[in-house]
Amino acid sequence: RKEVEQDPGPFNVPEGATVAFNCTYSNSASQSFFWYRQDCRKEPKLLMSVYSSGNEDGRFTAQLNRASQYISLLIRDSKLSDSATYLCVVNMGPFSGGSNYKLTFGKGTLLTVNP
Amino acid sequence: EPEVTQTPSHQVTQMGQEVILRCVPISNHLYFYWYRQILGQKVEFLVSFYNNEISEKSEIFDDQFSVERPDGSNFTLKIRSTKLEDSAMYFCASSFGWGAGEQFFGPGTRLTVL
């Protein structure tokens, strides 16, 4: 099983659609979870952290199910500017001593929002 | 808004040559990272650095790679003898703390090895 696995996509949706991204992770000891977005040939940028209680930021809702090792991202009322690759990212810590965390990325799901 | 900067934006080199990629992390951050992304593939962790030493490194980060924080502001990645397969986008990142703290990524250096 891959460490972080995402829907392969791509997704093509009209403006205003609701889009759902799914992700699973293999390490049950994983500690923190994120969704990043990456525009073509740019750096990953944090979209939101994901908490067990679920969290919402405007049109974006993220959920985590630790028992199923599953993370989701929902985008409502999608905009043209939402077109990007969405990366599921997991911090598989903890590590002992002075070590700090590394991020493990999924391959990403490309979203294109069409006018 | 503070940001991570990287230079150069694009580096072209011949196979076997040494390259140094430079990063200036956010000034009050304490943890520094290098990641790479081969075209069309996922972002992969290379190395993390804290308190002037490597905290963790991946299997990709072999003896050809080294990192340094030479002057308290720059953070560099050196590849001693580049291979064709080193062609990738290299991202520097920094974070204030460890644990769940957000890592901020620089815009990347595109390395092309001919």
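Basis for what follows: all heavy atoms, side chains included, without hydrogens, waters or symmetry-related copies. We name chains A, B, ... by the order of the sequence lines, and we start the count at 1 in each one.
No more than 12 heavy atoms of other residues, nucleotides or ligands shown are found within 6.0 angstrom of CD on Q63(A). Within a 6.0 Å radius of NZ in K45(A), no more than 12 heavy atoms belonging to other residues, nucleotides or ligands are found.
One finds the CD atom of Q103(B) at 10.0 Å from the CG atom of L46(A) (value rounded to the nearest 0.5 Å). Here the straight-line distance linking atom CD of Q38(A) with atom CE of M89(B) works out to 8.0 Å at 0.5 Å rounding. Considering OG of S58(B) and NZ of K102(A), their distance stands at 7.0 Å, rounded to 0.5 Å.
Remark: S27(B) pairs with no residue by the side chain to side chain donor-acceptor pair (under 3.5 Å) rule, at least two apart or across chains. By the side chain to side chain donor-acceptor pair (under 3.5 Å) test, E43(A) pairs with no residue at all, sequence neighbours left out.
Ranked by heavy-atom pairs under 4.5 Å with chain A, the list A93(B), G108(B), G106(B) is led by G106(B).
Grouping the Ile, Leu, Val, Met, Phe, Trp and Tyr side chains by contacts below 4.5 angstrom, directly or via other members, places V113(A) with L47(A). Both V19(B) and L46(B) belong to a single network of hydrophobic side chains, linked directly or stepwise wherever heavy atoms of I, L, V, M, F, W or Y lie under 4.5 Å apart. There is no path of hydrophobic side-chain contacts, each under 4.5 Å, that joins L30(B) to V24(B).
Contacts between Y36(A) and chain B at a heavy-atom distance below 4.5 Å involve the side chain alone, from C-beta outward. With a 4.5 Å cut-off on non-hydrogen atoms, K107(A) touches chain B through its backbone and its side chain both. Only the side chain of L39(B) comes within contact range of chain A, with at least one heavy atom under 4.5 Å from a heavy atom of that chain. Contact of Q37(B) with chain A is made through the side chain alone, with heavy-atom distances under 4.5 Å.
Under the 3.5 Å distance criterion, the side-chain polar atoms of Y35(B) are matched with a main-chain donor or acceptor of L103(A).
Scanning both residues, P44(A) and F105(B), for their nearest heavy atoms gives O-CB, 3.6 Å.
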